[in-house]
2 protein chains.
Amino acid sequence: MASSDPLVPSSRVSPRVSTTTTPDRGTRVASGRLRVAVPSVAERVADELRLQLAEGALPPGMRLTESTIAEDLGVSRNTVREAFVELASERLVVRHPNRGVFVASLEAGDIHDVYTVRRAIEVSALRAGGSPEDMAAVRAAVEEGKRAAAARDDEALGTANQHFHGAIVAMAGSPRLNSIMGQVLAEMRLFFHKATVDAQFYQHYLKDNETICLALESGELDRAADLLLAYLDRSEDNLNEVHGEAGTD
Amino acid sequence: MASSDPLVPSSRVSPRVSTTTTPDRGTRVASGRLRVAVPSVAERVADELRLQLAEGALPPGMRLTESTIAEDLGVSRNTVREAFVELASERLVVRHPNRGVFVASLEAGDIHDVYTVRRAIEVSALRAGGSPEDMAAVRAAVEEGKRAAAARDDEALGTANQHFHGAIVAMAGSPRLNSIMGQVLAEMRLFFHKATVDAQFYQHYLKDNETICLALESGELDRAADLLLAYLDRSEDNLNEVHGEAGTD
DNA sequence: ATCTTCAGATTGTTCAACAATCCTTCGATT
DNA sequence: AATCGAAGGATTGTTGAACAATCTGAAGAT
């Protein structure tokens, strides 16, 4: 869904005939100076592709042809190209020179690698602790997960889980760590659509998150870090099992 | 230096008149199948800019005009643009919409941020230990630093120091962590040209590296990690001092 | 002195062209 | 029949030109 929505407002039918058209994507703020960050077309293409990748509309391994995407989104091939460079730097797609761009697919080694990064940054952030607001965000993610579990909404449960781990990293207050974590989570999302894990899978995580959060709130940072580490190890094993089963298609 | 070398071999004088010219950048290997990764022009532009950034030829805050760079390197504007997207994703340049691309400059907050990332990934990698070969690489970097110090080569000393920390992260055997560390070190290189620190500055680091390496080699991973953490804290403080002095231009 | 207007420069984006490369198909050879 | 190699088509890589949108800075008006 949302696959063929044009990114440009739809006034681009015959681009050259209109001389000095009315401003298209100006969003001109008459009074203030603050421009609220109007994303460029290339960025919006990247955003759209990121969204479709996260939704599973573009499955891992799929080839992304430049001209097709350009037509579908109503932009030029060069703009798609810029978006591809960005997505490739985030490891969401892989560029094979002269062959094309493909949706990234996590192999067994990649899973371990991703979890190595997660262990590094999540444990580090947790061990350093955070402000009360930061911890409140972690707690909020735990409660969000509980609600999702009560509503038997697996999708929401997965989202809450990502919020939980995102909140842990956010405790460090580091834009760079947040950005790295965001990319890692995006990579995992890419993979998760292959295996819709059962509810018990997540239920287990839910309890772990609660325990970790409690340890954090009581100031037992080292214990919280150890718990998180164990959690990540188990999560990696779980994912590998799922991968071993689902990876034989 | 090496600022105006064209990236394309120089057969690009009149690009349209020649129909079916001889292969320009083919590097065709007659026998084998293995193509040794011929970098695209955009990648080479990014490489060249990265190099000039690391060398300090493009100082922080400097504006990089698309057409100028395109002319200097003998490539098209669109290609430069692709390179800019990549460099921006590495935080080596900053893009101001409709205003241009500027060489990134680390502010005080950025320094702390960079060190937060380093603490996370270096300590994590060190704590997990590594194979004998990995540790040998760490040791080699220490010796490299000693030689550079003996030769009073500050440049080489800085390089050896980066090798040391790179080798520590490489112990984790994680391509993603290596890539992150590479970017972080590139960011720091960008900054280091502002302050050519004195020899004693590095001498101190040299002893720390030796101590950390010894702890690692004797299997005292936790102690090595603690030492590294302390080292990074001190290094951050040092850098902030230097920044406070030199940043007043 | 402050505001507006205007021109110049640069970025953002598109388009069209072509070269280089890859993949496939189809013969030709052994 | 199997293998090899040569067209052919499709797609990527790269360029150059064009133009709209935006920013910058300077000249002019209030």
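Numbered from 1 within each chain, the chains take letters A, B, ... in sequence-line order. Note that the structure is predicted; figures quoted are calculated from it, not measured.
The main-chain N or O of A/Gly158 is never found under 3.5 Å from a side-chain atom of A/Asn161 such that the two would form a donor-acceptor pair. At distances below 3.5 Å, not a single donor-acceptor pair connects side-chain atoms of B/Thr65 with backbone N or O atoms of B/Ser67. A donor-acceptor contact shorter than 3.5 Å links the side chain of A/Thr116 to the backbone of A/His112.
At whole-Å resolution of the value, NE2 in B/His96 and P in C/dG12 are 11 Å apart. Rounded to a whole Å, the CZ atom of A/Phe84 is 13 Å from the P atom of D/dT11. Rounding to whole angstrom units, CD of residue A/Glu82 and P of C/dT11 are separated by 13 Å. As rounded to whole Å, 16 Å separates atom P of D/dT12 from atom CD of B/Glu43. The distance between atom CG of A/Asn98 and atom C1' of D/dT12, rounded to the nearest whole Å, is 6 Å. Regarding A/Arg44, its CZ atom lies at a distance of 13 Å from the P atom of C/dG12, rounded to whole Å. What separates CZ of A/Phe102 from C1' of C/dC22 is a distance of 11 Å, to the nearest Å. The nearest whole Å value for the distance from the CZ atom in B/Arg95 to the P atom in D/dC23 is 15 Å.
Ranking D/dT15, C/dT11, D/dT14 by closeness to the A/Arg81 side chain, first place goes to D/dT14. The B/Ser76 side chain lies nearest to D/dG16 when the options are D/dG16, C/dT14, D/dT11. Closest to the side chain of B/Asn78, out of C/dT21, C/dT10, D/dG16, is D/dG16. The side chain of A/Ser40 lies closest to C/dT13 when the candidates are C/dC15, C/dT13, C/dT11.
Applying the side-chain contact (heavy atoms from CB on, under 4.5 Å) rule to B/Glu86 yields the partners A/Val85, B/Arg50, B/Glu90; only residues at least two apart in sequence or on another chain are considered. The side-chain contact (heavy atoms from CB on, under 4.5 Å) search around B/Ser89 returns A/Ser89, not counting sequence neighbours.
Taking for each of B/Pro97 and B/Ala42 the nucleotide of DNA chain D with the nearest heavy atom, the 5'-most of the two is the partner of B/Ala42. With DNA chain D read from its 5' end, the first of the two nearest nucleotides for B/Thr79 and B/Arg63 is the one closest to B/Thr79.
For B/Arg77, no side-chain nitrogen or oxygen approaches OP1 or OP2 of C/dT13 to under 4.0 Å.
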